[in-house]
Amino acid sequence: MKNRLIVLPGPTGAGKTEFAIELASRLGCSIISCDSRQFYREMKIGTAAPDEQQLARVRHHFVSFLSITDYYSISLFERDVLALLPSLFAENPVAVMTGGSMLYMDAVCRGMDDIPDTDPDVRSKYAGIYEREGIAALRMAVKMVDPEYYARADLHNPRRLLRALEITESTGRPYSSFLTATVRERDFSILKAGLTRERSELHSIIDSRVNRMMEQGLEQEAASLIGYRHLNALRTVGYREMFSYLDGTITREEAVSLIKRNTRRYARRQMTWWNRDREITWFDASQKELMFSWIENRLKEQ
RNA sequence: GGGGAGAUACCAAAGUGGCCAACUGGGGCAGACUGUAAAUCUGUUGUCUGAAGACUUCGUAGGUUCGAAUCCUGCUCUCCCCA
């Protein structure tokens, strides 16, 4: 019998954390967290990371295992999860992966193309060009070195253009030549069950969750991290807005409502991403038992 | 009781005779996404339609005009100042 990874995507606020814990305890397996901000041990409140009690109920992996100053990436996550799974499957043929980081999830399920690491100097060189000369300069450069990518790139998006340029220059090969979109074979099978809620319900959960974060001390947590605000890990909903408040740019109330708004937007982007993944079977949060039995039946089938 | 200001689409706010279905911002909705992705970026937002287009909008009722969100009059409401 083939090992199984149960993948549980869902927008922020749908209730994945608690749901996954219940599922994993029923199955007696552990949880792989796929949340790119809960990775960081310094960011607990603002990321709604599972608390001590929740962590005690089921063994979690990839929660609070990094410092905000560590370098990490999607491909490292893919590598680390694939390296961990055999030991999990040795104990139980099933594992649960849940979280809201869409591309990280896809990296585990489908794999990323092999692209060499880039030269940090090249990266900062192009970042400087972008700062001084704007996006038009990036476009022109991409057009020169990788016309194929230029033809299909999002020419408004500096992140995409910068990435293409740094890869092309670091490797001496056009970025587009690395992009094969090959789906990797995995030696385990994947079952995708998504957890969602009605939009309006999701919004009110998000609102109350943000209020709770404030009660739990998001302000203090952000204040303790403000010296690291330039780090990518802190370019995160909840922290950025609190930094603006701590700067005195906006009021506390404004910060709170911006956090709510930006969390809503994040949830929407998540759904946009997953909507095109036909492998996901969706369940409303109110159909918990139905979802459990669906999963258990599928597990028996094999 | 007297004087003044204003009512514009979900909200805020421009427009002060035709180029206005109406600038802009917010919010909403939708989309993209191959390496720090809770990031980064795009579109759309009166109704009907695939589209061309048609139809109804700028507090309300009238009027002026070839033509009004824009001008005039009555009414309703809001705000400010003086009593």
Side-chain angles (χ1 to χ4, degrees), chain A residues 10-13 16 33-40 43 45-49 66-80 99-120 123 127 130 135 138-139 146 149 152-167 170-171 174-184 199-200 202-203 206 209-210 213 218 222 228 230-242 250 254 257-277:
Chain A
T12 186
K16 297 185 298 293
S33 170
C34 184
D35 186 305
S36 70
R37 298 297 134 117
Q38 291 179 7
F39 292 168
Y40 300 101
M43 300 164 62
I45 298 173
T47 60
L66 292 176
S67 164
I68 51 173
T69 54
D70 291 334
Y71 172 82
Y72 205 64
S73 75
I74 292 164
S75 63
L76 291 177
F77 182 71
E78 176 187 358
R79 184 198 69 188
D80 292 346
S101 299
M102 307 86 85
L103 189 56
Y104 283 74
M105 221 168 229
D106 281 357
V108 172
C109 296
R110 311 165 59 89
M112 303 284 287
D113 285 319
D114 280 325
I115 301 177
D117 285 336
T118 57
D119 181 346
R123 170 174 283 204
Y130 174 52
I135 195 152
L138 299 184
R139 274 185 209 146
D146 190 351
Y149 186 68
R152 63 158 152 137
D154 179 353
L155 299 175
H156 295 283
N157 192 331
R159 293 285 281 257
R160 298 273 130 67
L161 301 177
L162 286 167
R163 175 78 183 147
L165 289 169
E166 73 185 35
I167 294 296
S170 299
T171 63
Y175 175 57
S176 56
S177 69
F178 291 99
L179 304 179
T180 66
T182 313
V183 176
R184 303 288 173 136
R199 181 68 56 89
S200 57
L202 204 56
H203 286 183
I206 286 169
R209 195 174 73 175
V210 172
M213 285 176 184
L218 179 58
Y228 300 96
H230 60 283
L231 294 173
N232 188 74
L234 290 167
R235 303 182 68 130
T236 299
V237 173
Y239 296 89
R240 276 178 160 178
E241 297 85 350
M242 286 315 292
I250 58 176
E254 285 169 334
S257 62
L258 281 174
I259 293 172
K260 290 173 181 172
R261 180 195 75 181
N262 292 333
T263 305
R264 286 196 293 274
R265 290 180 167 177
Y266 174 48
R268 218 171 346 97
R269 266 178 280 132
Q270 290 175 305
M271 288 314 295
T272 299
W273 181 283
W274 286 316
N275 274 340
R276 67 181 168 185
D277 186 341

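Note that this is a predicted model, so its numbers are computed, not measured. Residue numbers begin at 1 in each chain, while the letters A, B, ... track the order of the sequences.
Both the sub-6.0 Å distance and the 45° axial angle are not jointly satisfied by A/R276 relative to the ring of A/W274.
When all heavy atoms are compared, the tightest approach of A/L202 to A/T12 is CD1-O, 3.7 Å.
A/L234 is listed as a side-chain neighbour of A/M43, based on a closest heavy-atom distance under 4.5 Å. A/R268 has its side chain within reach of A/R199: a pair of non-hydrogen atoms, C-beta onward, lies under 4.5 Å apart. By the 4.5 Å heavy-atom criterion applied to side chains, A/F178 and A/P116 are counted as neighbours.
As a whole-Å value, the separation of A/H203 NE2 from B/G28 P is 7 Å. Taking atom CZ of A/R123 as the reference point, atom C1' of B/A39 lies 12 Å away to the nearest angstrom. Rounded to whole Å, atom C1' of B/A38 lies 17 Å from atom OH of A/Y72. If you measure from atom CG of A/L103 to atom C1' of B/U34, you get 6 Å, rounded to the nearest angstrom. Between A/M105 atom CE and B/A39 atom C1' the separation is 17 Å, expressed in whole Å. Rounded to an integer number of Å, the gap from A/L179 CG to B/U34 P is 7 Å. Look at CH2 on A/W273: it is 13 Å from C1' on B/C41, rounded to the nearest Å. Atom P of nucleotide B/U40 and atom CG of A/L155 are separated by 19 Å, given to the nearest angstrom.
A/T263 comes within 4.0 angstrom of no nucleic acid atom, judged by non-hydrogen atoms across all strands. Among the atoms of the strands shown, base atoms are found under 4.0 Å from some heavy atom of A/S75. Among the atoms of the strands shown, none is found under 4.0 Å from any heavy atom of A/A107.
For the pair A/R276 and B/A30, the criterion of a side-chain N or O lying under 4.0 Å from OP1 or OP2 is not met. Considering only side-chain N and O atoms, A/T272 lies nowhere under 4.0 angstrom from the phosphate OP1 or OP2 of B/A30. Phosphate proximity of B/G35 to A/Y175: present, with a side-chain N or O under 4.0 Å from OP1 or OP2. Between A/R79 and B/G35 there is no side-chain N or O to OP1 or OP2 distance below 4.0 Å. Taking side-chain N and O atoms only, A/R268 has no distance below 4.0 Å to OP1 or OP2 of B/A38. Side-chain N/O atoms of A/R160 include none lying less than 4.0 angstrom from OP1 or OP2 on B/U40. Between A/S36 and B/A39 there is no side-chain polar atom (N or O) within less than 4.0 angstrom of OP1 or OP2. Using a 4.0 Å cut-off, some side-chain N or O of A/R235 falls inside it from OP1 or OP2 of B/U40.
Along RNA chain B, the nucleotide nearest A/R269 and the nucleotide nearest A/D113 are compared for position; the residue whose nucleotide lies closer to the 5' end is A/D113. Mapped onto RNA chain B by nearest heavy atom, A/D154 and A/M271 fall at different nucleotides, with A/M271 at the one closer to the 5' end.
Helical stems of RNA chain B (runs of at least 3 Watson-Crick or G-U pairs, donor-acceptor distances under 3.5 Å) are listed by first residue: B:1-7 with B:76-82, B:10-12 with B:24-26, B:27-32 with B:40-45, B:46-48 with B:53-55, B:59-63 with B:71-75.
Within 6.0 Å of the CZ atom in A/R110, the count of heavy atoms belonging to other residues, nucleotides or ligands does not exceed 12.
The base of B/A38 is paired with the side chain of A/D35 by a donor and an acceptor separated by under 3.5 Å.
The C1' atoms of B/G4 and B/A9 are separated by 28 Å, rounded to the nearest whole Å.
For A/R184 (side chain) and A/M112 (main-chain N/O), a donor-acceptor pair under 3.5 Å exists by modelled atom type.
Of the candidate nucleotides B/U34, B/A30, B/A39, B/A39 has the atom nearest to the side chain of A/R159.
Donor-acceptor pairing under 3.5 Å is lacking for the side chains of A/T263 and A/R209.
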